[in-house]
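Okay, structure first, notes after.
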Amino acid sequence: MHKSKLAGFIIDCQTTQLDAAADFWGGALGMPVRVLPPDEAQTYKRLEDSQHGLNIEVQIVRHESRVHLDIETDDIEAEVRRLEKLGAKQIGAVRTWRVMEAPTGQRFCVVRSSSQDFDAQATSWP
């Protein structure tokens, strides 16, 4: 048995101006921009979502700008298998997470659980 739930949204920006992109999205969503640890700060900025508790990040990408969601889980391999049975396909692996594609073409990621309310709010899967 494993658990999973929506972790948040990642705003993929094809830009060299991460600070400006984060400032725009922070202003648009009414969320303060938070700096991440040095090993992530060149690629990512976190937007503090105090209303919903979601992980919202702005990231620099090479592909076209888009928004994708993250599903967090306590067992990445089990969640990937579950999603593949539903019709998703694995596109790749980055660090500790998996990049997936829905049958309709949307990309999303399966990431390790990190939210404080994960155990209480996640769905349990056989």
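Index from 1, following the sequence.
- Residues Ile60 and Phe9 share a single hydrophobic cluster, defined by chaining ILVMFWY side chains whose heavy atoms lie under 4.5 Å apart.
- Considering only heavy atoms from C-beta on, Val58 comes within 4.5 Å of Cys13 through its side chain.
- Linking Ile, Leu, Val, Met, Phe, Trp and Tyr whenever their side-chain heavy atoms come within less than 4.5 Å puts Phe108 and Val67 in one cluster.
- Note on Met100: it does not cluster hydrophobically with Val61, by side-chain heavy-atom contacts below 4.5 Å among ILVMFWY residues.
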* **Full working for side-chain hydrogen bond (donor to acceptor under 3.5 Å, both in side chains) between Thr73 and Asp75** => CA-CA 5 Å; Thr73 182; Asp75 186 334; over 6 Å; no

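- For Asp19, the side-chain hydrogen bond (donor to acceptor under 3.5 Å, both in side chains) partners are Lys45, not counting sequence neighbours.
- Electrostatic pairing of Arg98 and Glu77 counts as a salt bridge here, judged by a charged N lying under 4.0 Å from a carboxylate O.
- Side chain of Asn55 to main chain of Gly8: no donor-acceptor pair is present (N/O by atom type, distance under 3.5 Å, no hydrogens or angles).
- The side-chain hydrogen bond (donor to acceptor under 3.5 Å, both in side chains) test with Arg66 singles out one residue from His68, Glu64, His63, and that residue is His63.
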* Verdict with reasoning, Cys109 to Asp70, per side-chain contact (heavy atoms from CB on, under 4.5 Å) -> CA-CA 5 Å; Cys109 293; Asp70 284 354; 3.2 Å; yes

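- Between the side chain of Glu72 and the backbone N or O of Ser114 there is at least one donor-acceptor pair closer than 3.5 Å.
- Atom CD1 of Ile91 and atom CD of Glu101 lie 4.5 Å apart (nearest 0.5 Å).
- Tyr44 and Leu47 fall into different hydrophobic clusters, where Ile, Leu, Val, Met, Phe, Trp and Tyr residues are linked whenever their side-chain heavy atoms come under 4.5 Å apart, directly or through other members.
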* Asked: What's the verdict on side-chain contact (heavy atoms from CB on, under 4.5 Å) for Lys5 and Ser113, showing C-alpha distance, side-chain angles and the deciding distance?
  -> CA-CA 9 Å; Lys5 74 179 222 26; Ser113 59; over 6 Å; no

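- Taking the side chain as every heavy atom from C-beta outward, Val99 and Gln90 never approach each other to under 4.5 Å.
- Between the side chains of Thr15 and Gln17, no donor-acceptor pair of N or O atoms lies under 3.5 Å.
- Counting all heavy atoms, side chain and backbone alike, Ala41 lies closest to Leu18 at O-CD2, 3.6 Å.
- In this structure, Pro103 and Leu86 approach most closely via the heavy-atom pair CG-O, 4.1 Å.
- Atoms CG and OG1, from Leu36 and Thr43 in turn, are 10.0 Å apart once rounded to the nearest 0.5 Å.
- The local environment of CZ in Arg112 is sparse, with at most 12 non-hydrogen atoms from other residues, nucleotides or ligands closer than 6.0 Å.
- In this structure, Ile76 and Thr96 approach most closely via the heavy-atom pair CD1-O, 3.0 Å.
- Looking at residues two or more places apart in sequence or on another chain, you find no side chain to side chain contact (heavy atoms under 4.5 Å, CB included) involving Ser50.
- At a threshold of 4.0 Å, the pair Lys3-Asp74 does not count as salt-bridged, since none of the basic side-chain nitrogens sits closer than that to a carboxylate oxygen.
- For the side-chain hydrogen bond (donor to acceptor under 3.5 Å, both in side chains) test, residues two or more places apart in sequence or in another chain that qualify with Ser4 are Glu79, Trp125.
- The two residues Val111 and Ala7 have their closest heavy-atom pair at CG2-CB, 4.4 Å.
- Ile56 and Ile10 are assigned to two separate hydrophobic clusters, defined by single-linkage of ILVMFWY side chains at heavy-atom distances under 4.5 Å.
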